[in-house]
Amino acid sequence: MSRRVVVVTAGLTVPSSTRLLADQLAEAASAQVTARGEALEVQFVELREVAGELAQFMVTGGIPTPRLTELREQVAAADGLIAVTPVFNSSYSGLFKMFFDALDKDSLTGTPVLVAATAGTARHSLVLDHAMRPLFAYLRAVVVPTGVFAATEDFGSHGLSERIARAASELAALVVGRDGYGVGGFGPDLAARPRRTSGAQVEAEVTPFGDLLRGHSGSD
């Protein structure tokens with residue numbers, strides 16, 4: 001069976017450390033899903049490429065362009081999400097927030113999400129728990145226990161590689177386990193998640209998530 005994970009990255013430059021971290025997370029998630037006996041399709045959403053369309057969406061009363069409609073449906077139909085943002089003033093970027101403001105309110109209900117962020121200094125590491133987790137909790141997504149923060153000096157370090165591997169394993173367990181009991185130690189708690197495209201509900205699936213909601217911090 002093939003699964004699909006969408007990677008949303010809000011890096012502003014080419015190349016960017018945000019995209020570099022997103023690539024590493026996607027590669028690790030693919031390896032973890034493959035190790036569980038399934039294939040993974042990874043799709044990237046580069047928000048800088050639709051920055052103007054997001055601004056237009058905001059000032060026209062929520063009328064999406066065809067490209068933005070396609071991206072909204074792509075995210076809504078995904079089996080899992082990796083969301084990566086640069087940090088500005090101790091929070092996610094405005095571009096990152098605009099994109100998730102542009103989604104339908106039920107698009108991410110029950111979707112497994114891995115949150116990650118980059119910054120020039122480790123002082124911003126609390127962004128995972130104090131900004132990103134509340135955002136996705138409000139959207140009723142299921143955020144994996146391990147968040148991944150990377151300051152400039154973290155790239156290439158063993159600690160960052162370990163966090164990436166652990167977070168990817170947690171995401172893969174949820175993505176693969178959505179049709180039945182959780183794997184990888186997450187336990188048997190289940191919750192229904194309707195699989196949908198943007199604004200349209202189609203088939204019902206299940207997501208194990210109970211153990212994820214009990215007492216685990218995001219970043220290390």
Side-chain angles (χ1 to χ4, degrees), residues 4-12 16-30 32-33 42-47 74-76 78-103 107-119 122-151 154-155 159-175 178 184 186 193 207-209 211-220:
R4 181 171 56 192
V5 166
V6 173
V7 183
V8 176
T9 174
L12 299 179
S16 74
S17 59
T18 303
R19 178 56 192 258
L20 174 60
L21 181 58
D23 287 340
Q24 293 177 0
L25 289 165
E27 182 179 356
S30 182
Q32 290 288 343
V33 171
V42 178
Q43 299 175 330
F44 282 86
V45 176
E46 284 276 8
L47 296 186
Q74 186 175 321
V75 169
D79 294 302
L81 182 71
I82 297 173
V84 193
T85 181
V87 179
F88 296 106
N89 295 326
S90 300
S91 189
Y92 38 67
S93 71
L95 182 60
F96 184 86
K97 182 62 162 59
M98 278 202 301
F99 180 73
F100 289 100
D101 283 346
L103 297 181
S107 292
L108 293 180
T109 299
T111 302
V113 177
L114 190 168
V115 296
T118 60
R123 291 175 56 207
H124 294 295
S125 61
L126 290 177
V127 67
L128 297 174
D129 289 332
H130 291 271
M132 298 186 77
R133 287 186 185 277
L135 170 65
F136 289 104
Y138 177 80
L139 295 171
R140 293 177 293 187
V142 180
V143 184
V144 304
T146 302
V148 180
F149 175 85
D154 290 327
F155 284 95
L160 177 60
S161 297
E162 284 188 337
R163 292 196 300 275
I164 288 172
R166 185 165 65 248
S169 177
E170 293 165 357
L171 180 67
L174 287 177
V175 167
R178 287 179 60 201
F186 291 119
R193 184 232 174 182
T207 302
F209 73 101
D211 288 354
L212 299 185
L213 303 180
R214 293 192 281 271
H216 199 299
S217 61
S219 57
D220 298 306

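Here the shortest heavy-atom pairing between A117 and M132 reads CB-SD, 4.2 Å. A pairwise comparison of heavy atoms in G147 and R133 identifies N-NH2, 3.6 Å as the closest pair. Considering every non-hydrogen atom in both V175 and G80, the closest pair reads CG2-CA, 4.0 Å. When all heavy atoms are compared, the tightest approach of T146 to A167 is O-CB, 3.5 Å.
Annotation: side-chain contact (heavy atoms from CB on, under 4.5 Å) contacts of A165 (sequence neighbours excluded): none. Applying the side-chain hydrogen bond (donor to acceptor under 3.5 Å, both in side chains) criterion to T18, with sequence neighbours excluded, gives T118. The side-chain contact (heavy atoms from CB on, under 4.5 Å) test applied to A29 returns L40, I82, A168, L171, not counting sequence neighbours. The side-chain hydrogen bond (donor to acceptor under 3.5 Å, both in side chains) check on Q74 picks up Q43, with sequence neighbours excluded. Under the rule for a side-chain hydrogen bond (donor to acceptor under 3.5 Å, both in side chains), the partners of E46 that lie at least two apart in sequence or sit in another chain are R19.
Between the D23 side chain and the L20 main chain, no donor and acceptor come within less than 3.5 Å of each other. In this structure a side-chain-to-backbone donor-acceptor pair under 3.5 Å is present from R163 to F149.
Taking CG of L114 as the start and CG of L81 as the end, the distance is 9.0 Å to the nearest 0.5 Å. To the nearest 0.5 Å, the span separating OG1 on T9 from CZ on F44 amounts to 8.0 Å. The distance from atom CG of D79 to atom CG of L174, rounded to the nearest 0.5 Å, is 11.5 Å.
In this structure, the side chains of L25 and V7 stay at 4.5 Å or more apart for every pair of heavy atoms.
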Distance-only check: which donor-acceptor pairs under 3.5 Å involve side-chain atoms of residues 90-100, not counting sequence neighbours?
| residue | atom | partner | partner atom | Å |
| --- | --- | --- | --- | --- |
| S93 | OG | F96 | N | 3.1 |
| K97 | NZ | D101 | OD1 | 2.8 |
| K97 | NZ | D101 | OD2 | 3.1 |

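Identified under the salt bridge (charged side-chain N to carboxylate O under 4.0 Å, His left out) test for residues 134-151, with sequence neighbours left out: D106-R140.
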Full working for side-chain contact (heavy atoms from CB on, under 4.5 Å) between L21 and F155: CA-CA 8 Å; L21 181 58; F155 284 95; 4.2 Å; yes
